[in-house]
Structure formats: C-alpha cells, structure tokens
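This is a predicted model, so every value here is computed, not measured.
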Amino acid sequence: MRGAGPYAGAMTPTQTSHAPAPPRPGLSAAQLAGLIACPRCDAVYRAVQPAPGERAVCMRCDAVLIAPRRRAGEQIIAVALAVVVLVVAATLAPFLAIEAGGRAHASSVLDAALAFASAGPAAILALAVAALIVFIPVLRALLVIYVLAPIVANRPPAPRAAAAFRLSEALRPWSMAEIFAIGCAVALVKIADLAQVHFGPAFWMFAALVVLVVIQDGFMCRYSVWKSLER
Amino acid sequence: MEVAGALRTAREMGLVACTRCTRVWPAGTGRCARCGQRLHSREPKALQRVWAFWAVGLMAYVPANLWPMLETRTLVSTQHSTIVGGAVELARHGNWGIALVILTASVAIPVGKFLAIASLALGVRHGSALPQARRQQLYEVVEYIGRWSMIDVFVVAILASLVQLGAVAQVSPGPASLFFALSVIFTMLSAQGFDSRLIWDAEPAPLAPPLPGGRPA
C-alpha cells in the first residue's frame with residue numbers, strides 16, 4: 001500500500017525540522033489544526049487532502065484516514081432516506097410466511113420483536129431486538145441526514161450537529177438491520193422441512209438494506225464530515 | 001515513504017489525539033473542541049474495562065450454551081434444543097450447510113472472540129509474539145465480526161414469531177436466548193473498550209528523537 005498509486009504522497013509524517021521556533025509550548029493552534037492522528041495507532045501526520053476517490057492511509061497500521069468522494073454527501077443522504085423508508089415499510093410488512101397442516105401465519109418485524117415479550121424475563125430482549133433492527137438504524141439515518149443536509153447545501157452546520165454526528169458514530173456497531181436480513185434466510189432454511197415457508201415483501205426490503213448499509217458506510221469520509229462541521 | 005523515520009505518535013509529540021475525529025490537541029486538553037469527544041492520550045483503565053466486560057460476556061455465554069435456545073411444541077412432543085443440540089439436529093437431517101453456519105456463528109465466532117480479546121489484552125501487558133500489524137488486524141476482525149453473532153438471537157426471534165401454528169407447531173424462545181444476547185453485547189463492549197493504540201505503544205523507539213517539548217501524557 002505504501003508509496004503506491006493513489007496513496008503515494010497523500011500523507012507526510014510531521015518532521016522534527018518543521019517544529020515551530022519556540023518549541024516549549026508546542027505547536028501553534030493553526031499548526032495543530034493541520035495535523036491528523038491515526039485513531040487506531042496514534043501516528044501523527046500533516047493532513048493533505050487527497051483528490052476525490054483517493055485515500056490517505058496510515059503508514060503504520062493501514063487505517064484509512066481520509067477518503068473523500070465527489071458528491072458523497074448527496075449520495076449518503078439519498079441512501080439514508082432509502083434506509084428510513086425501507087426500515088419503516090419492512091417493520092410493518094411480513095417478512096416470512098409459513099404454511100403447515102392447513103394453517104398459515106405471516107410474521108412482521110414487529111411480531112419478531114414481540115415474540116420475546118411474552119416470554120417473561122426476555123421482555124427486555126424484545127425491546128433490544130426492536131431497537132437493534134428498527135429504531136437504531138432509523139435514528140442513525142435521520143442523524144446523518146440532519147448533519148449532512150446543511151453541509152451539502154453549503155449552509156452553516158445545523159445546531160448541535162457535532163453531537164448528532166457523534167451519536168450516529170457511536171450507534172454504528174449497534175445498527176443491525178442487515179444482520180437481521182441474514183437471520184431471515186437462516187430461519188427459512190431451519191424450518192424449511194417443518195413447513196412451507198415463503199419470503200414476504202419485507203424480506204426483500206431487508207435484503208436491499210444489506211447493500212445500502214454497506215454503501216452508506218463505504219461512502220462516508222468521517223474526516224471530511226468533521227472538517228466541514230468545524231467551520 | 002521516504003520520511004517514515006520521522007513517524008511519531010501524538011503522545012510522543014506531547015499531544016493528545018481525538019479517536020473519533022482524528023483532531024490533535026495539546027496534552028491535557030479535556031474534550032475535543034471539534035467533536036466533543038472526551039480526550040485521553042491512552043484510555044485510563046482501558047484494560048480493566050476490557051477484562052470486566054470480557055468476564056461478564058463469558059459468564060453469560062455458559063448458560064447460553066447449557067440452557068435451551070428454542071422450545072418447539074408439536075402435536076406429539078415438546079422439544080428443547082440448545083445451540084449445539086439444534087445444530088446437531090440439523091446436521092442429522094442432512095442440512096450440513098446451515099448447521100455449519102450456526103456452529104460458526106454461535107460457537108466458533110464467540111469462542112474465537114473471547115480468545116482474541118484475551119490475547120490482545122494480554123499482549124499489551126506481557127508482549128506478544130505476533131507483529132503489531134497482525135494484532136491490529138485481529139482487533140479489527142473482532143470488532144467487525146462481533147455484531148454478527150447476534151444473528152442467532154434474531155433467528156430465535158424470527159422462528160418464535162413465525163411458527164405460531166396453534167396445536168400443529170409452536171416455537172418459543174428459551175432462556176438461553178437472553179443470555180446469548182447479553183454475551184454478544186458484553187463482548188462487543190469489551191472489544192470497544194480496547195484502545196488499539198496500546199498495541200503500538202510497545203514499538204521500539206522511532207528513528208527520530210522525540211520533540212524537545214515532547215513528554216508522555
């Protein structure tokens with residue numbers, strides 16, 4: 001990765017020779033603003049904005065530090081809107097339908113979350129499941145729209161946008177809609193010989209979510225977002 | 001790159017880095033003025049937190065395996081199946097693929113995660129035979145894969161809500177599902193609590209001398 005193609009020259013490690021004249025108090029505020037530290041391994045670089053589509057990676061641990069994309073903001077907002085629509089629709093529509101012995105039953109995400117509610121102590125789990133597959137993905141998408149919309153429109157950041165983006169980032173590992181989609185597929189195979197099972201419309205919506213979530217996380221350059229919130 | 005010798009960490013430069021937005025501040029700054037994240041040069045007591053969550057996760061993982069995950073009632077019988085029992089059952093019916101998926105997601109990955117987090121934390125304290133880049137990769141894999149263990153809990157929820165066919169067949173979640181979910185959540189917290197900068201701290205001193213004003217924070 002080092003020194004090859006798009007990565008070459010994207011980053012310059014800070015050099016001792018560039019240290020400011022009065023070294024005791026350290027670097028000036030302006031100089032600090034021009035530095036970037038790898039969140040994974042703490043290595044410090046002089047931040048050089050790579051061209052759109054290129055990436056700046058940490059030389060030591062290969063973490064991607066800056067990865068700007070042209071029109072990423074608009075694309076992420078579009079994907080986030082799609083996520084909101086899909087999750088809400090998928091919550092209400094059945095994702096699997098079952099038929100056995102002349103009886104049929106279709107189940108929605110709401111039913112899946114409530115499945116635990118009747119099981120006494122597992123009622124907390126019902127809430128947790130609903131949160132992980134519905135509330136948190138929707139909240140994250142809304143937060144991302146709230147943060148990015150003013151930036152894309154070249155307006156000053158929305159009030160408390162930094163806090164909103166921080167929350168959205170903290171929730172990232174807890175947004176599990178795409179895992180639920182794979183869970184549907186596993187459940188289907190598991191009971192395929194017990195009964196006739198069909199995918200409902202919500203299953204396909206969750207399947208689309210798997211793709212959208214990957215796009216959303218792939219397009220997002222966190223450094224660029226924080227940088228624009230700083231203005 | 002040609003100046004790699006001068007690569008230094010924020011700590012060596014007398015700075016503290018924000019792990020959320022990558023901004024650097026003079027050592028001692030309490031909060032990142034850009035994103036509001038609390039700043040620590042190295043997370044204090046990070047390893048204690050990792051071990052605490054790790055232990056709770058491991059404790060929850062025991063009943064998750066011993067108790068039934070699913071209770072299936074059909075016309076003729078009531079069946080309690082544990083995680084491993086359910087996978088064995090599937091394999092016996094010829095569903096080797098799906099049995100393998102379940103065993104991977106609910107046994108191999110959780111156990112591997114416990115081992116990986118423990119070895120990362122031990123590696124910080126006692127040094128590790130693995131190179132730092134390998135350990136960093138291991139950490140990233142653990143962080144990425146951790147959430148996917150939740151799939152088993154979702155499968156239970158899906159089956160319990162779907163298979164409600166009155167007397168013909170009825171599935172309800174067993175107590176193990178709660179413990180399994182807790183185990184996944186706590187191991188995720190454990191992995192998140194790990195400060196991966198600790199992996200790199202043990203590296204032999206860089207070629208360039210530290211800044212005159214630099215001091216470990």
Side-chain angles (χ1 to χ4, degrees), chain A residues 2-3 12-16 19 23-24 26 32 35-37 39-44 59-61 65 96 98 100-101 103 105 107 111-116 119 121-122 125 128-129 132 162-163 165-166 169 173 176 179-180 182-184 186-187 189-191 193-195 222-223 226 229-230, chain B residues 1 3-4 6-11 13-15 17 19-26 34-37 90 93 95 98 101-102 133 136 146-148 150-151 153-155 157-166 168-169 172-173 175 177-178 181 188 192 196-197 199-200 208-209 211-213:
Chain A
R2 290 167 190 81
T12 333
T14 52
Q15 287 165 286
T16 353
R24 268 312 131 173
L32 281 183
L35 298 180
I36 178 174
R40 295 256 178 211
C41 76
D42 212 26
V44 175
M59 299 201 313
R60 187 154 75 150
C61 73
L65 299 174
L96 284 180
I98 187 172
R103 295 182 62 108
H105 186 77
S107 184
D111 299 327
L114 292 176
F116 286 111
L125 206 56
V129 168
L132 294 174
F165 192 56
R166 198 149 49 95
E169 286 294 281
M176 299 188 175
I179 299 174
F180 185 79
I182 310 295
C184 284
V186 173
V189 181
K190 228 178 158 176
I191 50 171
D193 51 349
L194 182 77
R222 274 132 202 125
Y223 175 82
W226 285 120
L229 288 181
E230 203 174 25
Chain B
M1 277 183 258
V3 276
L7 191 68
R8 279 176 310 148
T9 66
R11 176 148 83 165
M13 293 174 71
L15 302 172
T19 48
R20 198 177 291 289
C21 76
T22 67
R23 185 86 151 81
V24 289
W25 301 97
R34 175 154 76 177
C35 73
Q37 170 90 336
L90 279 169
H93 282 92
N95 278 325
I98 210 77
V101 168
I102 290 170
Q136 180 70 42
R147 16 196 323 269
W148 284 92
M150 213 63 180
I151 200 169
V153 177
F154 291 153
V155 169
I158 291 165
L159 290 181
S161 71
L162 188 62
V163 188
Q164 296 295 336
L165 301 170
V168 181
S172 50
S177 52
L178 177 63
M188 280 175 71
Q192 284 174 15
S196 68
R197 294 177 294 187
I199 295 176
W200 300 90
L211 259 191

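Counting heavy-atom pairs closer than 4.5 Å to chain A, the top-ranked of the candidates B:G36, B:A17, B:S172 is B:G36. For the set A:A163, A:C41, A:A43, A:G183, the count of heavy-atom pairs under 4.5 angstrom toward chain B peaks at A:C41.
Minimum heavy-atom separation, A:P39 to B:T19: CB-O, 3.3 Å. Between B:L15 and A:L35 the shortest heavy-atom distance is CD1-CD1, 4.2 Å. Scanning all heavy atoms of the two residues, the minimum distance from A:C184 to B:I158 falls at N-CD1, 3.5 Å. Summarising the geometry of B:T9 relative to A:V44, their closest heavy-atom pair is C-CG2, 3.7 Å, with the distance given to 0.1 Å.
For a residue to count as touching a neighbouring chain, one of its non-hydrogen atoms must lie under 4.5 Å from one of that chain's; by this rule B:T22 touches chain A with backbone and side chain alike.
Using a 4.5 Å heavy-atom cutoff, the side chains of A:V129 and B:M150 are not in contact. A:R60 is listed as a side-chain neighbour of B:W200, based on a closest heavy-atom distance under 4.5 Å. No side-chain heavy atom of B:V153 sits under 4.5 Å from any side-chain heavy atom of A:L132.
Interatomic distance, CD1 of A:I98 versus CG of B:L159, reported as 8.5 Å (0.5 Å rounding). Rounding to the nearest 0.5 angstrom, the gap separating the CD1 atom in B:I151 from the CD1 atom in A:I182 is 6.0 Å. Between the CZ atom of A:R166 and the SG atom of B:C21 there is a distance of 10.0 Å, given to the nearest 0.5 Å.
Applying the salt bridge (Lys or Arg N to Asp or Glu O under 4.0 Å) criterion to B:R20, with sequence neighbours excluded, gives no partner residue. With sequence neighbours excluded, the residues forming a salt bridge (Lys or Arg N to Asp or Glu O under 4.0 Å) with A:R40 are B:E140, B:E143, listed by chain and number.
Remark: the backbone N or O of A:E230 is not paired with any side-chain donor or acceptor of B:R34 at under 3.5 angstrom.
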